[in-house]
Amino acid sequence: MRVRGLVKRYPNKVAVDGVDLDIHRGEVFALLGPNGAGKTTTVEILEGYRRADQGEIRVLGVDPARGDRVWRSRLGIVAQTSRDEAELSVAELVHHFAGYYPNPRDPDEVIASVGLTEKRRTRTRKLSGGQRRRLDVALGMVGNPELLFLDEPTTGFDPEARRQFWTLIENLRTAGTTILVTTHYLDEAEHLADRVGVIADGRMVEVATPEALGGRGARTARVSWLSADGMREIRTDEPTAEVARLMAQYGGSEVPELEVRRPSLEDIYLELIGAVAAAPELEGAAR
Ligand SMILES: Nc1ncnc2c1ncn2[C@@H]1O[C@H](COP(=O)(O)OP(=O)(O)OP(=O)(O)O)[C@@H](O)[C@H]1O
């Protein structure tokens, strides 16, 4: 996928303001950003559901505004809101959707992979929020897509379901599926994504691996431990040397509650978002 200078204006708002984005085949890419940043608008343009006002866009080699049925059948989409088919059972709905695609996955295997086998005969209106979301994911993947869009896929999942979902995504990735996921869960992005893009106020602030975002790997570490006088914390660029010093000080025995910490992805993300909010010059003159 290749995007250059994507712009989308609504009557009162420039929702996407010159976004560039490259997503490589087989990659898991997480799009992060606060509410209203422009994530869903961007994703829906890439899916062909909304029209861009400006920009060059290629998704699987095609301009989404001109995407035909064959192109569409190569995509899997899990939108933010569920499709409403309340009277069908889980199995009926997944089998029904499989029929839309030329080369679908086995619907029963897909139902099993999202953990809904026990609910296969349940009408979709009787599913819990998290179960309904798992069904959405099943519908997105049953067509065996080359490229899967997941818009906040795990909202409403309990922690165990989220872990199961991560395994599912890892399996899809291993099978070669390219995945674009939007999420508000930083741990999810860190766990799943090869690269993350942070979008704020319609602009791409940074694209990097989760480890490198905001110069994270090079950031000062904090070494903390429980000393005789209470908790101590030292900021240092050489945490290994600091730990060695502590070990010597404690005569090689356990240093109580020793912890070495670098800024989390969430710390870095909040810094990036905060910098955009505090920098009025980033407000586009085009508005
Ligand atoms: N159909 C629309 N008409 C007018 N404004 C819209 C429309 N859709 C979105 N917007 C506005 O565009 C901006 C970007 O919205 P978008 O849904 O893309 O954000 P988002 O990053 O996906 O947010 P969230 O994390 O809350 O899902 C918001 O200010 C929103 O109010």
Side-chain angles (χ1 to χ4, degrees), residues 1-85 97 99-102 133 136-137 139-153 155 177-184 189 193 195-207 273 276 282-287:
M1 167 185 319
R2 181 183 154 86
V3 176
R4 289 293 174 276
L6 173 60
V7 175
K8 176 68 181 178
R9 298 183 193 89
Y10 295 120
N12 300 318
K13 171 95 191 159
V14 182
V16 183
D17 196 2
V19 160
D20 298 340
L21 179 63
D22 291 288
I23 299 180
H24 313 302
R25 196 167 281 275
E27 177 174 48
V28 178
F29 190 98
L31 197 54
L32 310 175
N35 291 136
K39 302 179 298 296
T40 298
T41 301
T42 301
V43 168
E44 289 186 351
I45 289 168
L46 300 174
E47 294 167 348
Y49 280 116
R50 284 180 203 237
R51 294 284 170 267
D53 291 311
Q54 267 171 255
E56 265 177 56
I57 311 166
R58 287 288 176 278
V59 175
L60 301 175
V62 172
D63 177 352
R66 300 170 201 278
D68 59 9
R69 259 189 82 132
V70 175
W71 175 77
R72 203 162 280 282
S73 75
R74 298 166 66 196
L75 308 180
I77 294 174
V78 177
Q80 230 176 65
T81 45
S82 302
R83 306 168 224 222
D84 198 24
E85 300 282 355
F97 264 76
Y100 289 145
Y101 296 93
R133 207 67 192 124
D136 292 334
V137 174
L139 298 177
M141 62 185 274
V142 73
N144 201 11
E146 288 168 56
L147 172 60
L148 181 59
F149 292 98
L150 299 165
D151 201 355
E152 298 186 20
T155 300
T177 312
T178 308
I179 297 170
L180 172 54
V181 56
T182 73
T183 182
H184 288 294
R195 290 188 305 147
V196 299
V198 177
I199 191 166
D201 211 8
R203 293 175 182 220
M204 195 64 84
V205 182
E206 193 175 335
V207 175
I273 298 306
V276 173
L282 285 178
E283 292 288 313
R287 272 162 227 227

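Here the structure is a predicted model, which means the values were calculated and not measured. For reference, positions follow the sequence shown, starting with 1.
Nearest heavy atoms, L32 versus A189: CD2-CB, 3.8 Å. Closest approach of I273 to A200, counting heavy atoms only: CD1-CB, 3.9 Å. Considering every non-hydrogen atom in both G76 and P145, the closest pair reads N-CB, 3.2 Å. Looking at every heavy atom in both residues, Y10 comes nearest to A15 through CE1-CB, 3.4 Å. Residues A52 and I57 approach most closely at CB-CD1, 3.9 Å, considering heavy atoms. When all heavy atoms of G202 and V19 are compared, the pair lying nearest together is O-CG2, 3.4 Å.
More than 12 heavy atoms of other residues, nucleotides or ligands lie within 6.0 Å of CZ in R4, so this atom counts as buried by the packing criterion.
Between I23 atom CD1 and L46 atom CG the span is 7.0 Å, to the nearest 0.5 Å. We find the OG1-CG distance between T42 and L21 to be 8.0 Å, quoted to the nearest 0.5 Å. Expressed to the nearest 0.5 Å, how far CG of L139 lies from OH of Y100 amounts to 10.0 Å. A distance of 5.5 Å separates CG of L60 from CD of E146, quoted to the nearest 0.5 Å. Once rounded to the nearest 0.5 Å, the distance linking OG1 of T178 with CE of M1 reads 8.0 Å. Distance CG/D53 to CG/D17: 11.0 Å, rounded to 0.5 Å.
A side chain to side chain contact (heavy atoms under 4.5 Å, CB included) with L150 holds for exactly one of I77, D136, V78; it is V78.
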For this session: Check step by step if side-chain contact (heavy atoms from CB on, under 4.5 Å) holds for V59 and W71.
Result: CA-CA 9 Å; V59 175; W71 175 77; 3.8 Å; yes
Exercise. Going through the distances and angles, do R195 and V207 end up as a side-chain contact (heavy atoms from CB on, under 4.5 Å)?
Worked result: CA-CA 7 Å; R195 290 188 305 147; V207 175; 3.5 Å; yes
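Under the 6.0 Å distance and 45° angle rule, R72 does not count as a cation-pi partner of F149.
The side-chain hydrogen bond (donor to acceptor under 3.5 Å, both in side chains) analysis of residues 60-69, with sequence neighbours excluded, yields no pairs.
Not counting sequence neighbours, E56 has no partner by the salt bridge (Lys or Arg N to Asp or Glu O under 4.0 Å) test.
Considering only heavy atoms from C-beta on, I179 comes within 4.5 Å of T177 through its side chain. Looking at heavy atoms from C-beta onward, L180 lies in side-chain contact with V43 at the 4.5 angstrom threshold.
A salt bridge between R58 and D22 is absent, with no side-chain N of the basic residue lying under 4.0 Å from a carboxylate O of the acidic one. Between E152 and R133 there is no salt bridge, since none of the side-chain N atoms of the basic residue sits less than 4.0 Å from a carboxylate O of the acidic one.
A distance-only check finds a donor-acceptor pair linking the side chain of K39 to the backbone of P34 [under 3.5 Å].
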